[in-house]
Amino acid sequence: MCGIVGYVGSNNCYPMLIKGLHRLEYRGYDSAGVAIIDKNNRINAYKSKGKVETLEHNCEDKNVEGTIGIAHTRWATHGEPSDVNAHPHLSEDGTIALVHNGTIENYSLLKEALIEQGCSFKSSTDTEVLVQLIQYIRDTNGCTLLAAVQEAMNQVVGAYAIAVIDNQISDTMIVARKSSPLVIGIADDATYIASDASPIVEYTNRVVYLNDDEIGIITRGEPLKVINVDNTPSPIDIQTLKLSVSQLEKGGYDHFMLKEIFEQPMTIGDSIRGRVVDGQVTLSGVQENKEAFRKARRIIIIGCGTSWHAGLIGRHLIQDMARIPVQVEYASEFRYSNPIINSDDIVIAVSQSGETADTLAAIQIAREKGAFVYGVCNVIGSSIARETHSGTYIHVGPEIGVASTKAFTGQVTVLTMLALAIGQLKQTVDNETIGAICEGIKQLPAFIGETLKLNDKIEKLSRIFTYAHNFLYLGRGYNYPSALEGALKLKEISYIHAEGYPAAEMKHGPIALIDRELPTVVIAPKDNLHEKIISNIQQVKARGGSVIAVVNKGDETIAALADHTIEVPSVPECLSPVIVSIPLQLLAYHIAIKKGCDVDMPRNLAKSVTVE
Ligand code: F6R
């Protein structure tokens, strides 16, 4: 949540900062701002409620010249979205500007103490407390900005990635991180900082990921220095980015979400490349940790939102193939549940961004209790990827649309391969079954491509349902989580209330909701629960409800019962969640578009949830 970007170099930084903010807008878009030191050593700061384009518009007639600057796009935590609460925040005397991603937990205590010392505050944010504290320490101790930032870091409790500039040292930026991500890009003529690599990639592919409690000192014309809060120098590990600018553009599609839905034949191809060969699965994370997987008595999958849904499918997969008991937990609940974790447990953390605060905190607890922690992440070099003992990247490329699509199918595909790899290792699944599923995995890109041809049909179908205020999604077995995910996609981008339910549970309550106004999406591929789900459809129809059924091609029984059918190719049962997700994603997308919603940036949401 919140994106920060900064530049120290010899060119005017404003265009880079604005472009960077657009790249980071997926992290939050309540307000945006920039602060730039001009040639007279004045800090010019401009802030606007709303998206980055509003800021750009407001800056058209302003002095935005300068070669060192910071910028921010916000997802509000403390204080409503407004001009005054937007970042950058300035210290009281206007000499220091700061941008912040994270939350300062003890901000009210610090604020009270600063007010007692005579400080006055303009905003209701936690961040303003931090910048005022830094100024207070600098001025009362008569110390450098760096020393003041170090001391402030000792006093604040919470999560932060910050970038700070001071007009008294106008060639230097100080950055620091604790539990919120920060990347530094190193080019010959400039240094860049950002919450992720997307604003940096077109200028350099040489990056340093700051670790917790580290401070970067970026001075024009000097090499980057990194130290920790205790002033000890930290080694600088320069890594090479494998990201390209074209991956960050819409590529002719109207929205990132649609582009990402249509990319799935390719992204699933990338997820499985080199991992499914000769009827066997090879995952280096499993190969290198055979003992941990062999001796595991239990697997706990943690994640949030869509990643939690992928985890529910992972449970079925791992229990079916590896015969290890699996529990799936919301990371946010798990971390506060005084969890029982043993050293022969494996904790699998599923996260697209690799930055979700609750998932990261749950990983830390699991590590402290001696579990082996395995990551299933998309963003390479992300905090979760680095905090886990080992893992498997899903390799679906940058996901920019706030609603997760290709990352979900990538997560499910990787969890399928993981379940097979553990099953192979433990010999709990026979070679014939492994071979058949491997064959199915290899065919997924082609089957997804075929399923995407339904786009026009689903677009037409969506016109009928823009009136709806509620939707019910039903599924069973492997596709109960698909129902949850379909409902989440619809509600988050179209603002239509939608609930996912295990189909057989409907009769225990939700059946009371069924009437002509409530569309029910039933996920009903031909699997071992097919007959059962036909009964569930009949129960909906008997009460006057309308049914949209996602079925396998040629399913005449359900076609005769349902109001609308969407026919998808048949695949082995355990792979069906990947295929049925495609029409559910398209349905949500088209309904939201018909309702005039901003599908890439739905209200109140942010892609990367780096606060609790
Ligand atoms: C929904 C969605 C969210 C994320 C959740 C976890 O479309 O994208 O529910 O799945 O915020 O994020 P990650 O996977 O980055 O940990």
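Predicted model, so just to flag it, every value in this text is computed and none were measured. Numbering of ligands and ligand atoms starts at 1, following listing order.
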| said: Any donor-acceptor pair under 3.5 Å linking the side-chain atoms of K594 with those of S494? | reply: no

| Short side-chain donor-acceptor distance under 3.5 Å, T405 and Q264 | no

| message | I need the atoms of ligand 1 closer than 4.0 Å to a non-hydrogen atom of S404, numbered in the order shown. | response | 7 (O), 8 (O)

| task | Starting from atom 7 (O) of ligand 1, find the nearest protein heavy-atom neighbour and note its residue, name and distance. | result | E492 OE2, 2.5 Å

| With side chains defined as the heavy atoms from C-beta onward, is the minimum distance between L586 and L258 less than 4.5 Å? | yes

| task | Would you kindly say whether N455 and H590 are connected by a side-chain donor-acceptor distance under 3.5 Å? | result | yes

| Parallel under 30°, tilted from 30 to 60°, perpendicular over 60°: which one fits the rings of H316 and Y478? | tilted

| field | Under 4.0 Å to a heavy atom of A403 - the qualifying atoms of ligand 1, by number | value | 7 (O)

| Looking just at side-chain N and O atoms, do T392 and Y374 make a donor-acceptor pair shorter than 3.5 Å? | yes

| query | Is there a nitrogen or oxygen of Q411 sitting under 3.5 Å from a nitrogen or oxygen of ligand 1? | reply | no

| Does ligand 1 have a heavy atom under 4.0 Å from the side chain of K489, from its backbone, from both, or from neither? | side chain

| atom 12 (O) of ligand 1 [closest protein heavy-atom partner, distance rounded to 0.1 Å] | T356 OG1, 3.4 Å

| task | Kindly confirm or rule out an N or O of T359 lying under 3.5 angstrom from an N or O of ligand 1. | result | no

| query | Looking just at side-chain N and O atoms, do S307 and Q352 make a donor-acceptor pair shorter than 3.5 Å? | reply | no

| Closest protein heavy atom to atom 3 (C) of ligand 1, given as residue, atom name and distance to 0.1 Å | T306 N, 4.0 Å

| query | Among protein heavy atoms, which sits nearest to atom 11 (O) of ligand 1, and what does the distance come to when rounded to 0.1 Å? | reply | V609 CG2, 3.9 Å

| task | Could you tell me whether ligand 1 has any atom less than 4.0 Å away from a heavy atom of V379? | result | no

| query | Are K178 and Y160 in a cation-pi setup, meaning NZ or CZ lies under 6.0 angstrom from the ring centre and within 45 degrees of the ring axis? | reply | no

| said: Give me the nearest non-hydrogen protein atom to atom 15 (O) of ligand 1 as residue plus atom name, then the distance to 0.1 Å. | reply: S353 OG, 2.6 Å

| note | When distances are taken from atom 6 (C) of ligand 1, the protein heavy atom at minimum range is C304 O, 3.3 Å

